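Here is the structure we will look at, set down as structure tokens.
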Amino acid sequence: MRIEYDIKLGFKDVMFRPKRSTLKSRSQVNLDRTFRFRNSEKEWTGVPIMAANMDTVGTFEMALKLAEKKIFTAIHKHYSFDEWDQFLKNAPENIEKFIAISTGTGDKDLEKISKVIQAHPKLEFICIDVANGYSEHFVEFVKQTRQQFPTMTILAGNVVTGEMVEELILAGADIIKVGIGPGSVCTTRVKTGVGYPQLSAIIECADAAHGLGGQIISDGGCATSGDVSKAFGAGADFVMLGGMLAGHDESGGEVIEREGKKYKQFYGMSSSTAMEKHAGGVAEYRASEGKTVEVDYRGPVENTIQDILGGVRSTCTYVGASQLKELTKRTTFIRVAEQENRVYTK
């Protein structure tokens, strides 16, 4: 047993220190990024925000709307081959640039995505998603997927430490998902005692990935547009959102009306709700590691996206970054004990 005494920080522990800026308006900030991926050797340009591969967020409907803004969607893994086939036959031609087909590490998962990719060879991204990216089986699955799909860009995770980021990139992944336990409907940290404050995880994992020419996704923990900016400022190449995109028309699930107010269900993919829906229940050897909540119905996602992008642009103007890629170079974080005046917060 050993203890690390270095302080580890989350988004709530810091704020940006403002700096002089030559920017006259938020409209001057360019949020597009261009990346060339290490292993697939493909190039991508867009706004590097991602909808999470949860079935109450990462839907086909969400993908269509976000692609209009050049924003990415990791589509959840529970769509059938026929549903994928119908979607891709009717979707705009460039949709493949802004979606990933998600998979677990089981044989049936690989069979399904192989069938979809074979039928639709224009697909470019695979998201290999497990709660615990530290198993040897996961690393071997990444290697197998790279061998089978040598030109596809692979997203893989989740991990929170530099050495595992390096191992997954060397195994064939291009973009590593970073985050264990920070999500709004994730209970891993209280159920298992395992986790890592998200800001520090981003800083450490970005350093490891960039040293090998890879990228990272900050996955989880963002509750506001300021958190999205902090993730980018800490070195994240992409920021993945779940709860911030839940509750919309495009988010999947039915609208629930109670006492004149509308809600939508939102749950973690390791929750009992998700496991009962997709796996017939919680297996006897495991526990639920996710919450099920009802979030306010929020209408079209477009308004929320505008608010998030506007917040990130505003961050850039405060620190003098004319492009999103400059934000981390212009970032100085200050430690804080409070974030906001909550006198009029319910």
Side-chain angles (χ1 to χ4, degrees), residues 4-35 46-50 71 159-163 165-166 175-184 195-241 244 307-342 345:
E4 291 186 14
Y5 289 96
D6 292 344
I7 293 173
K8 307 299 181 184
L9 303 172
F11 296 134
K12 66 179 175 57
D13 299 314
V14 301
M15 288 192 288
F16 287 93
R17 186 182 191 275
K19 296 179 179 177
R20 285 183 179 177
S21 173
T22 60
L23 295 168
K24 295 178 181 178
S25 167
R26 295 171 179 84
S27 64
Q28 294 177 278
V29 176
N30 179 10
L31 296 182
D32 283 4
R33 292 291 313 267
T34 297
F35 298 108
V47 178
I49 290 173
M50 293 182 166
I71 295 174
V159 300
V160 289
T161 52
E163 72 274 7
V165 167
E166 292 168 346
I175 318 170
I176 309 304
K177 288 175 74 209
V178 172
I180 292 181
S184 59
Y196 211 98
Q198 188 67 1
L199 190 85
S200 289
I202 294 166
I203 292 168
E204 296 177 30
C205 291
D207 183 61
H210 296 164
L212 289 174
Q215 286 81 30
I216 69 160
I217 303 164
S218 171
D219 179 16
C222 290
T224 64
S225 58
D227 293 337
V228 177
S229 296
K230 289 173 188 178
F232 284 128
D237 303 289
F238 295 85
V239 178
M240 182 171 273
L241 305 177
M244 289 183 72
D307 187 66
I308 293 168
L309 298 184
V312 176
R313 285 193 180 94
S314 190
T315 303
C316 290
T317 63
Y318 272 108
V319 300
S322 62
Q323 302 179 68
L324 182 57
K325 71 176 183 178
E326 296 174 2
L327 181 56
T328 188
K329 297 175 185 177
R330 300 283 298 167
T331 293
T332 299
F333 286 126
I334 54 173
R335 293 287 309 280
V336 297
E338 63 176 1
Q339 287 281 332
E340 61 178 322
N341 185 329
R342 301 183 63 85
T345 303

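Please read these numbers as outputs of a predicted model, since none were measured by experiment. We're numbering straight along the sequence, starting at 1.
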Atom [atom1] of [X]: over 12 foreign heavy atoms under 6.0 Å:
{"X": "K8", "atom1": "NZ", "answer": "yes"}
{"X": "I7", "atom1": "CD1", "answer": "no"}
{"X": "Y318", "atom1": "OH", "answer": "no"}
{"X": "E338", "atom1": "CD", "answer": "no"}

Say you draw a straight line from [atom1] of [X] to [atom2] of [Y]; how long is it, rounded to the nearest 0.5 Å?
{"X": "I71", "Y": "I308", "atom1": "CD1", "atom2": "CD1", "answer": "7.5 Å"}
{"X": "I216", "Y": "M240", "atom1": "CD1", "atom2": "CE", "answer": "12.0 Å"}
{"X": "I49", "Y": "L324", "atom1": "CD1", "atom2": "CG", "answer": "8.0 Å"}
{"X": "K12", "Y": "Q198", "atom1": "NZ", "atom2": "CD", "answer": "13.0 Å"}
{"X": "R335", "Y": "M15", "atom1": "CZ", "atom2": "CE", "answer": "12.0 Å"}
{"X": "K325", "Y": "N30", "atom1": "NZ", "atom2": "CG", "answer": "9.0 Å"}

Quick check: do [X] and [Y] have side-chain heavy atoms less than 4.5 Å from each other?
{"X": "F16", "Y": "R330", "answer": "no"}
{"X": "L309", "Y": "V47", "answer": "yes"}
{"X": "V228", "Y": "M244", "answer": "yes"}
{"X": "C205", "Y": "I176", "answer": "no"}

Under 3.5 Å, is there a donor-acceptor pair between the side chain of [X] and the main chain of [Y]?
{"X": "Q339", "Y": "V14", "answer": "yes"}
{"X": "S200", "Y": "L9", "answer": "yes"}
{"X": "D207", "Y": "E204", "answer": "no"}
{"X": "K177", "Y": "D219", "answer": "no"}

State, to 0.1 Å, how close [X] and [Y] come at their nearest heavy-atom pair, and which atoms those are.
{"X": "C222", "Y": "F11", "result": "SG-CE1, 3.9 Å"}
{"X": "S21", "Y": "L23", "result": "OG-N, 3.0 Å"}
{"X": "F232", "Y": "T328", "result": "O-CB, 3.8 Å"}
{"X": "V29", "Y": "A321", "result": "CG2-O, 3.9 Å"}
{"X": "S229", "Y": "L327", "result": "O-CD2, 3.7 Å"}
{"X": "V160", "Y": "I180", "result": "CG1-N, 3.4 Å"}

What pairs of residues pass the salt bridge (charged side-chain N to carboxylate O under 4.0 Å, His left out) test when at least one of them lies in residues 15-34, not counting sequence neighbours?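 For residues 15-34: D32-K70.
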
Going through the checks in order, is the side-chain contact (heavy atoms from CB on, under 4.5 Å) test met by I175 and D237? CA-CA 9 Å; I175 318 170; D237 303 289; 5.9 Å; no

